[in-house]
Amino acid sequence: MNKPGRRTFLKWCFYAGSGLVLTYVGLNRFFPLKDLWPYTGVEGSFYEKLEHNQVRCLLCSHNCLISSGEQSLCRTRENRNGILYSNVYNRPAALAVEPVEKEPLYHFLPGSNMLCIGTAGCNFSCKYCQNWQLSQQDPQALDAVEEQNPNEILEVASKRKVSTLSFTYNEPTVLYEYMLEIAEQARSEGLRIVMHTNGFINPEPLAEIQPYLSAVTIDLKGFTEDFYRDVAGGSLQPVLRTLATLRNQGTWIEVVNLMIPGLNDNTKDIEKMCLWIKQNLGAGTPLHFSRFFPSYKLAELSATPLETLEASREVALSAGLKYVTLGNVPGHRYNSTFCPSCNSLLVERNHIAVKNNYIKEGKCPTCEEEIPGIWH
Amino acid sequence: MRRGDSRDLALRKRRAEKTVLAVTLLVGASGVLGQLLLLRELLVAFFGNELTMGIILGNWLVLEAAGAYLANRVPPGKSIFYYKTGLMLYGLLLPVTIFFARSISHTFFGLLPGEALGLAHLFATSIILLAPVSFIHGSLFTLGCAALKELNREAADNNRAPGRIYLYETLGSLVAGVLFSFLLAPVYHSIEIALALLVIHFLALCFLILTNSKGVIARGKIPAASLFLILAVIASVFFGPLKNSLHELSLTFQWPGQDVIHYENSPFGNIVVTSSKGEYTLYYDGRPTLTTPNPDLAQAADLISLSAGSHSQPKEVLLVGGAGTAIGLLLEHPVEKLTLIELDPRLPSLFMELPFDDIQRELTNSRVEVVAGDARRHLQTEEALYDLILLCFIHPDSLQENRLFTRTFFNLAHSRLAPGGILVFSAPGSALMLTPEVEPLLSSLYSTAKEVFPYVEALPGDNTLFFASEKKLLLGPDLIYARLLERNLTESFITYSYLQNRFDPLIVDPFRARLEEHNALINEDFRPAAFYYSLFHWGSLYSPSIFKILNRLEQATLILTFIFLAGLVFLAQSKVSPLKKPKTLLPFAVFTSGATGMAFDLLILFLFQTFYGYVYQMMGLLVALYMTGVAFGSYLGLKVSNQEELRIISFRKIKAAGTGKTLLKAKQGIDWSEKRGQSLLKVELLTLLLHPALFFLALGFQAYAFKLPDYFSLLVFSSFALICGAALGAHFPIACALAGKQDSGNDDMTPAGKLYAADLLGGWAAGLAISIYMFPLLGLGHTLVLLGLLKGCSLLLVRRAHLSGAL
């Protein structure tokens with residue numbers, strides 16, 4: 001083989017050099033070597049340090065084992081050289097004023113507004129999530145989010161004249177440190193705190209936040225481990241444990257079940273769930289059956305037939321529950337609350353709007369039956 | 001051997017050859033039918049997004065290429081056996097594949113019922129599904145060539161085998177495409193057609209077996225008997241109970257837990273209606289678009305209250321889509337005349353046939369006029385003016401819908417708005433903040449509307465609403481609620497407090513500021529950016545990593561263009577370019593023509609969809625006409641190669657006598673190599689000229705789409721498809737004959753298989769690139785320039801090789 005000449009050699013060098021430069025520029029464009037993110041976060045609570053710079057997060061029942069440089073399953077907690085950081089502290093991705101009915105909380109100051117706070121990330125991966133753009137998001141991806149410390153959040157609440165703060169949209173457990181600090185300050189200023197959760201939190205962190213909570217809405221997503229594993233990416237038992245704990249500690253709880261056709265609408269499971277609620281949480285615990293509409297990954301599934309919701313309500317009433325309502329069905333009769341004793345209309349609702357509230361001092365105006373809840 | 005025996009043998013061979021060619025026609029027909037059937041089935045499985053057409057067609061082609069290439073490994077003498085086996089397997093696998101296409105998600109990925117597929121799943125499932133059929137179909141080409149050669153070893157024109165097979169296969173495709181568009185698709189469902197093909201394949205196999213063992217298939221009676229048999233079996237398949245049982249069974253897999261009460265393919269898309277516990281759901285191209293009698297009232301009331309409330313006197317309203325809830329809610333406002341146009345003109349009449357009582361009441365209201373037509377056509381051809389034009393729950397998720405969100409459409413809508421009129425449209429949104437997945441889409445729509453309307457207001461929500469008008473609207477809770485009060489519409493959940501939350505400055509202000517800042521592309525007919533951004537949004541649902549790649553692709557457009565151009569310069573100019581050798585140059589030329597062919601095929605389909613919206617029906621016709629062109633081009637190419645072969649034969653004879661090529665040139669005074677090279681150069685040049693032609697055609701149609709009679713438009717599209725096909729179809733046989741000549745000492749199947757594989761690989765690469773990146777992001781003009789440069793590079797190299805005598 002002939003030796004390449006000087007010119008050929010230089011040409012080859014030029015091609016190789018150009019190729020390298022282009023590859024570097026291209027790669028850096030496509031996969032930046034390091035995403036620059038000025039946010040430093042705050043050290044997380046409830047975790048244990050392990051060997052080799054690993055940590056175990058103990059906030060929720062996933063109990064993630066996280067190596068250095070890795071994130072937790074919920075994407076909000078990061079192990080940096082053996083220290084666990086929260087990446088959503090002071091970073092609310094969503095802040096809005098909403099009626100309490102939207103949670104839903106039907107036995108808690110009907111018709112009042114609350115300041116809702118949510119961040120990126122979630123410890124579940126429900127395939128039908130309504131807020132997937134937040135919950136399934138890496139906090140770093142939301143570069144538009146402005147940092148707001150607890151004081152600033154309380155200032156917004158004061159400006160908007162709301163007396164309730166709600167941690168909702170995504171799972172509040174993943175913003176635990178932020179939530180706890182806001183809750184502590186809010187409590188001192190006389191504000192109420194509510195939380196909409198999947199109930200997957202571990203008992204210890206729950207015990208610490210519980211004293212600050214006025215009410216909790218818990219998504220009981222189904223009543224089988226299979227559903228929790230396949231559809232939500234979690235498990236049922238920790239959720240039941242949280243429900244029972246909150247009940248035992250006297251926190252006002254309401255349970256919501258989104259009925260998805262063919263996935264969690266089996267009558268036997270509904271019956272089991274209702275019996276469990278009655279036995280463990282009490283017959284007066286409000287239960288909301290919500291109608292599913294195609295969403296997120298379940299975009300090709302049809303909406304829940306009204307008949308399924310109505311039949312489930314009958315099952316729940318037969319099981320002994322007293323306050324069973326239907327959600328996502330504007331104008332439906334059972335969107336409203338009725339007295340379990342005399343069947344009088346107590347709170348008339350159309351979707352999330354309260355049209356009339358007839359409850360007087362926590363009692364039915366007709367038969368004076370005590371209606372459990374927080375009414376003033 | 002006696003002379004009679006020899007004549008008999010020749011006759012038998014001739015007949016056997018005819019049988020193979022007849023079967024090749026069938027292979028071509030069943031190939032295109034299988035492709036169209038699976039394309040339509042997968043479009044439903046993948047949300048009706050036309051960009052998936054590129055992925056599906058591309059994957060089909062590359063798998064065909066693999067089949068064609070690997071079939072070369074079949075040992076000599078075994079080709080006919082493998083050909084027969086492949087023929088039967090293809091017939092058997094097609095109905096099975098269609099069956100699985102309807103239950104794919106559950107079969108392969110264990111997905112939940114109703115769980116949609118992401119881009120990665122789409123790619124993987126299309127490969128898994130298509131692999132058996134397209135691989136076998138691809139191998140049938142190579143095996144057909146080998147079979148033809150095996151039957152006719154001594155023939156002088158043996159090198160023409162690949163070209164002939166290509167021509168007959170293409171002719172088969174043409175016939176099937178026309179039949180599909182005008183006879184099969186409107187009447188029969190996919191499983192019926194696939195079962196009929198199975199029977200025909202079985203009979204073809206019988207013919208082949210008879211031919212092989214007896215030599216002569218028929219002496220008068222067998223063809224007639226066979227024809228009768230064919231008709232009897234086809235009739236039994238078409239009218240027998242099996243096809244419906246299979247069809248219904250597959251639908252239960254596709255929509256588990258629901259009764260399918262209606263299934264049809266309209267010219268615009270696939271319509272399925274299911275029933276469950278008294279609730280009816282209408283699926284359009286696989287997406288649930290309507291629920292009755294209990295629709296999603298929360299969303300509908302929100303949209304209608306805000307849009308009708310945005311106008312002081314919405315007397316004349318044009319509603320695009322939305323039968324089911326929106327009409328009833330709109331009529332609560334002081335609307336004097338409501339004109340309804342559904343996305344698919346078939347839907348209003350279907351609503352009247354189904355047990356949709358509420359919708360029927362809406363449609364028969366005296367204030368409602370239903371137009372069974374296309375919204376774009378209506379705005380371009382009618383002169384009525386509207387106070388409110390509302391696109392109801394239509395999002396730019398497909399080209400069919402995106403054509404209602406482009407600057408051209410907004411201009412049309414603007415011209416049809418009465419003074420003070422408002423155009424309201426929505427897009428998927430995030431009620432809480434402008435998240436990165438949805439930001440480019442919303443920003444693109446906002447910027448596009450701003451190009452046409454002086455004032456555009458965006459309102460975030462689960463559905464982001466856009467209000468576009470000539471005058472500033474100053475929408476807010478006070479104004480809207482005052483109008484609702486005035487119209488006595490305060491009973492619903494749309495209360496003052498609701499509106500206050502809806503216009504909450506905590507959300508609205510940062511949302512609008514961010515929308516203003518973002519610099520997304522304008523959504524054009526020829527660059528459906530919003531459609532591309534919808535793909536972003538859709539992709540991010542399932543695989544955020546793909547979303548990131550797509551995002552980076554947009555940012556890296558300049559770099560990628562530069563790398564592409566640098567690559568072309570390297571290939572064309574470098575001394576170490578692999579294309580210096582004709583052995584690699586010919587596959588490259590065929591690769592570029594394969595890529596250009598697929599690009600033209602897809603761009604014609606995309607443009608037709610953009611202008612007219614019913615490509616779902618016409619894809620068969622357009623593909624068929626394109627195939628006609630390919631067949632015609634192949635025929636011309638074959639003719640050239642045939643003349644060439646005559647010269648090659650003469651040349652071989654002279655060479656055998658020890659005279660060589662120089663002597664041939666000297667003796668005959670004609671350089672046939674030059675003529676052959678010229679032919680290739682001519683088709684390359686013609687292909688290059690088609691690039692600007694397509695661009696000007698598109699410009700013309702954008703201006704005159706509905707001003708021209710439909711038949712004329714169709715004629716122009718068809719003629720163009722024909723010409724493109726002809727130019728690109730001629731490449732293969734010429735290149736094939738050239739490759740055969742260069743490789744004349746060896747078995748010429750290998751170069752033919754390689755060229756076929758190069759052709760299909762080019763198609764695959766172009767299918768993916770055009771669909772996912774080039775057309776939606778770069779736009780038609782930029783895409784054609786890049787494709788033109790690629791073809792130009794090929795032309796330059798072919799010319800150089802030709803001048804140097806290498807070709």
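Being a predicted model, the structure only gives us computed values, none of them experimental. Residue numbers begin at 1 in each chain, while the letters A, B, ... track the order of the sequences.
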**Item:** chain A contact via B:Pro510 - which portion, at a heavy-atom distance below 4.5 Å
**Value:** neither
**Message:** Counting only non-hydrogen atoms closer than 4.5 Å, does B:Thr490 touch chain A with its backbone (N, CA, C, O), its side chain (CB onward), both, or neither?
**Reply:** backbone
**Most contacts with chain B, counted as non-hydrogen pairs under 4.5 angstrom, among A:Lys355, A:Arg349, A:Glu98, A:His332** = A:Lys355
**Message:** Among A:Leu306, A:Thr308, A:Thr304, which residue satisfies the side chain to side chain contact (heavy atoms under 4.5 Å, CB included) criterion with B:Glu279?
**Reply:** A:Leu306
**Request:** Could you tell me which portion of B:Ser276 (side chain, backbone, both or neither) has an atom closer than 4.5 angstrom to a non-hydrogen atom of chain A?
**Result:** both
**Residues A:Glu300, B:Gln254; criterion side-chain contact (heavy atoms from CB on, under 4.5 Å); working and verdict** = CA-CA 10 Å; A:Glu300 291 184 0; B:Gln254 199 165 13; over 6 Å; no
**Between B:Asp296, B:Val438, B:Thr291, the one whose heavy-atom pairs under 4.5 Å with chain A are most numerous** = B:Asp296
**Prompt:** How many angstroms lie between CD in B:Glu115 and OH in A:Tyr128, if you round to the nearest 0.5 Å?
**Reply:** 12.5 Å
**Complete:** Most heavy-atom pairs under 4.5 Å with chain A, out of B:Ala566, B:Ala298, B:Pro293, belong to B:Ala298
**Message:** Quick check on B:Asn519: does its CG atom have over 12 non-hydrogen neighbours (other residues, nucleotides or ligands) under 6.0 Å away?
**Reply:** no
**Prompt:** With only heavy atoms counted, which part of B:Gln258 is less than 4.5 Å from chain A, the side chain, the backbone, both or neither?
**Reply:** side chain
**Message:** Against B:Phe493, only a single residue in A:Asn335, A:Asn350, A:Val354 fulfils side chain to side chain contact (heavy atoms under 4.5 Å, CB included); can you say which?
**Reply:** A:Asn350
**Complete:** Max heavy-atom pairs within cutoff under 4.5 Å with chain B, candidates A:Pro305, A:Gly262, A:Ala303, goes to A:Pro305
